[in-house]
Each structure stands twice: as C-alpha cells, then as structure tokens.
Q: 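One structure, as structure tokens, below. Some questions next.
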Number of protein chains: 2
Amino acid sequence: MPEELLHFVEEFALAYEGAGLPRSAGRILGWLMVCDPPEQNAAQLAQVLGASKASISTMTRLLVQMHLIERVPRRGSRQAYFRIRPGTWSERVRQGLAGLSLYKNLAEKGLKLLEKAPPAQRQRLEEMRDLYAFFEEELQGLFERYQRRKGA
Amino acid sequence: MPEELLHFVEEFALAYEGAGLPRSAGRILGWLMVCDPPEQNAAQLAQVLGASKASISTMTRLLVQMHLIERVPRRGSRQAYFRIRPGTWSERVRQGLAGLSLYKNLAEKGLKLLEKAPPAQRQRLEEMRDLYAFFEEELQGLFERYQRRKGA
DNA sequence: TATTTTGTTCAGTATTGACTAAACTATTTG
DNA sequence: CAAATAGTTTAGTCAATACTGAACAAAATA
C-alpha cells in the first residue's frame, strides 16, 4: 500500500499524541481514516501498521472506549472488524467540552475555599471560572448549531 | 499554610496533567492561582510545594515559555518572583484554537492524498475537515466576543 | 575582594507507560 | 473431537521523562 499514505498515518498519530493518545492508537485511528475498505480486522491492522496483535488488541479497546472507533460484527465470523465511528469528530469536540467543565468546576472549588479572602486574592480564580463558563456555554450552542446544520 | 489549599493545588495539578503539563508544573500554576501575595519567589515555591530548587527552576522556565506565568522583576534584587500572567486563561484558549487548525490541516493533507479516490473513501476525512473548519472559524469569533465583553 | 545568596545546569535515579512475545482462552472448521 | 484460527492477558523489556542532589555560575552584600 502506498508509501505516502503510511507517512500520513504517522503524521496523524503524531498529532494525536499531542492530545494524549498513545502513538500506536493514533496510527490505528489514522489508518482507519483513509483505508479502503473502511473496515479492517485486527490482523490487517497489525500487518499494515507493523504492530503486534497485543498492541492492536489493547489500543482498539481503548479507542472503542473513547467512542472513536467501533467494532463491526460480521455474522458467521468471530473476527473483529473495526471502523471509524460515524460522528467520531463530533465526539471529540464533545469530549473537549466535558474538559471545559472540569476546569470550570476546579475554579469554583477554589473560590469556595477562598470564600472569605479579599477580592484581590479571588480575582485570578474568577477570571478562570468566567472564561471557562463562557466557553462552555457558548460551545454548547455552537455544537448544537453544527449538528443541526449537518442534518440539513 | 492551610492544608485545604494544598489539597486544591494537588487537584489542580492533576487536572492539568491531563492536559500535558508535568505534575510539578501544575502544582506551581495551582499555587500561584491562590497564593497570597500573588507573587512568589523560587524559594517560597520550593518550600510550600516540597520540591527541589532544580525542579522549580526547570518548571518555571517551562511555564514562562508557555506564557502561563511571568517573572516579575524586583528592582535592587536578583530574586525571581513569579506570578500568574494576566490573561493566562485566554492564552490557553488561544492555544487550543491553534490546535484546531492543526487538525484541520491534517485532514486537508489527507484529502490531497486521496484526490483521486472515490467519494466514499474521502468522506471520513471530509467530515473531519468540515468539523474542525467550522469550529476554528466560529471559535475565532467567540474568542473576540469574549475579549470585547471583558473590556466592557 | 571575600562571603553569602540565588538560580541554573548536569549527572544520575526512579517511575511511568508503550510495546512485544508468549502463554492462554475461546471459537470455528475439518 | 481435533486442529486451526482469532483475540486477550500477562510478564517482562525498553525508552522517555520527571525529579533530585550536587556542582557550578553569577550577582549582591559585607
């Protein structure tokens, strides 16, 4: 299979490593984004990506748990086929959103601790909370708008 | 200083570890979010957080490079004082934004490779590109709106 | 200038985590 | 039921990196 595609897959994996994915999980994800046919079984993944069965098994499980890929059952066969889950990219945005509220909550927890502190001391946390609250709120709206637009 | 605050700092560090910061850098950041006074020198940080001078030196450098904290010069003293950089949280959002275009570009690069592939094969990358393009665009606007709102 | 204070750099340690080979389990097919 | 096939789990290896103590450098103070 084309050399260029594998290079792309590597770049893809590198990019998502920055987002916290193990390199080899990123490679699986990247390959599943471009491969033909879009469903691939474990053996194929191992062969193309030059990884061990064990790694494929672990990493596909991870990716399934993250709702980024899904197992496609094949009737009459126990083989596991995997493919990019439709809506994967929305899912990532949604996960990002969840991250925002984590940080917002963190700021609020801090503010509770500093309840009796002078405003000057609280100000840093307030800025943090306000910003995350704003983006959480607005992104929620944006997200819905995107979904709706895609429906049309 | 209060036990509870240190626990908060730990939680803070843990949260930002998920975002790729070393634990001890997260602790510094967390402490600088709540400490009084808001400027702290290296020795104070080392003492409160129970870290070595070496670690403080390395991690403050990292945080300064990331534009999350800044050195505050004290005239007549060589001591380095650090504080949360005003606008730190906007900065983090801006960095997140930059991340989005990275992914969008990635999708576009892939599409170029699949230029001659049938639409069915291109579709996954197209969805990815569209989504990131949408959010990059819209977040840009949101961001400006936030800045303006804060100015008022 | 000598001493003390402050911070950085370096070398080494310890921990984490990605990855593999091999053993194991389960399922399908002969 | 036996043999082959597919996948998971486990134990162990290797590499990356966070962190420390100690040596070092630079600057302030005596």
Side-chain angles (χ1 to χ4, degrees), chain A residues 6 9-32 37 39-66 68-83, chain B residues 6 9-32 37 39-66 68-83:
Chain A
L6 287 185
V9 167
E10 202 56 35
E11 206 178 332
F12 196 97
L14 225 45
Y16 279 93
E17 200 172 27
L21 277 193
R23 180 88 55 102
S24 59
R27 276 193 278 256
I28 295 174
L29 201 61
W31 177 248
L32 288 177
E39 296 92 10
Q40 301 271 311
N41 65 29
Q44 291 173 308
L45 292 174
Q47 201 259 316
V48 173
L49 303 177
S52 65
K53 290 193 304 174
S55 174
I56 299 293
S57 174
T58 309
M59 292 305 152
T60 49
R61 180 151 28 93
L62 172 69
L63 290 170
V64 167
Q65 278 168 2
M66 295 179 76
L68 298 179
I69 68 176
E70 60 186 7
R71 293 183 103 96
V72 199
R74 278 275 217 277
R75 78 189 169 71
S77 164
R78 194 165 59 95
Q79 276 190 47
Y81 277 77
F82 297 97
R83 70 164 173 227
Chain B
L6 287 185
V9 167
E10 203 56 34
E11 206 178 332
F12 195 97
L14 224 45
Y16 279 93
E17 200 171 28
L21 277 194
R23 180 86 56 100
S24 59
R27 276 195 277 257
I28 294 173
L29 201 60
W31 177 248
L32 288 178
E39 296 93 8
Q40 303 269 310
N41 65 29
Q44 290 173 309
L45 292 174
Q47 200 259 319
V48 173
L49 303 176
S52 66
K53 289 193 304 172
S55 175
I56 298 293
S57 174
T58 309
M59 293 305 152
T60 49
R61 179 150 30 92
L62 172 68
L63 291 169
V64 167
Q65 276 168 2
M66 296 179 76
L68 298 178
I69 67 175
E70 60 187 7
R71 293 182 102 97
V72 199
R74 278 274 216 279
R75 78 188 170 73
S77 163
R78 196 165 59 97
Q79 275 190 49
Y81 276 77
F82 298 96
R83 70 166 172 224

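Residue numbering restarts at 1 for every chain, and letters A, B, ... go by the order of the sequence lines.
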Q: Once you round to the nearest 0.5 Å, how far does CZ of A:R27 lie from CD of A:E17?
A: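 It is 8.5 Å, given to the nearest 0.5 Å.
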
Q: Going 5' to 3' along nucleotides 18-30 of chain C, which nucleotides have protein heavy atoms under 4.0 Å from the base (write B), which only from the sugar-phosphate (write S), and which from neither (write -)?
A: SSBB----BS---

Q: For the residue pair A:F82 and A:V72, what are the closest heavy atoms and their distance?
A: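 Minimum heavy-atom contact is C-CG2, 4.4 Å.
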
Q: Could you tell me the separation between the CD atom of A:E17 and the P atom of D:dT17, rounded to a whole number of Å?
A: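 After rounding, the reported distance stands at 9 Å.
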
Q: If I take atom CG in residue B:L49 and atom C1' in nucleotide D:dC19, what distance separates them, rounded to the nearest angstrom?
A: 14 Å

Q: Between P on D:dA27 and CG on B:N41, what's the gap in Å once rounded to a whole number?
A: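 It works out to 19 Å between those atoms.
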
Q: Would you give the length of the straight line joining atom CE of B:M59 to atom CD1 of B:I28, rounded to the nearest 0.5 angstrom?
A: 7.5 Å

Q: Can you measure B:Q79 atom CD to D:dA28 atom P for me and round it to whole angstrom units?
A: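 My rounded result for the distance is 12 Å.
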
Q: B:V64 and B:E70: which non-hydrogen atoms are nearest, and at how many Å?
A: CG2-CA, 4.4 Å

Q: Over all heavy atoms of both residues, which pair between A:G30 and A:V9 is shortest? Give the atoms and the distance, please.
A: C-CG2, 4.0 Å

Q: I need the CG-C1' distance between B:L63 and D:dA18, as an integer number of Å.
A: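 Atom CG in B:L63 sits about 14 Å away from atom C1' in D:dA18.
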
Q: Enter the distance from A:I69:CD1 to A:R83:CZ here, rounded to the nearest 0.5 Å.
A: 11.0 Å

Q: What is the distance, rounded to the nearest whole Å, between atom CG of B:L45 and atom P of D:dT20?
A: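 These atoms are roughly 13 Å apart.
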
Q: Between D:dT10 atom C1' and A:R61 atom CZ, what is the distance in whole Å?
A: 12 Å

Q: If I take atom CZ in residue B:R74 and atom C1' in nucleotide C:dT5, what distance separates them, rounded to the nearest angstrom?
A: 16 Å

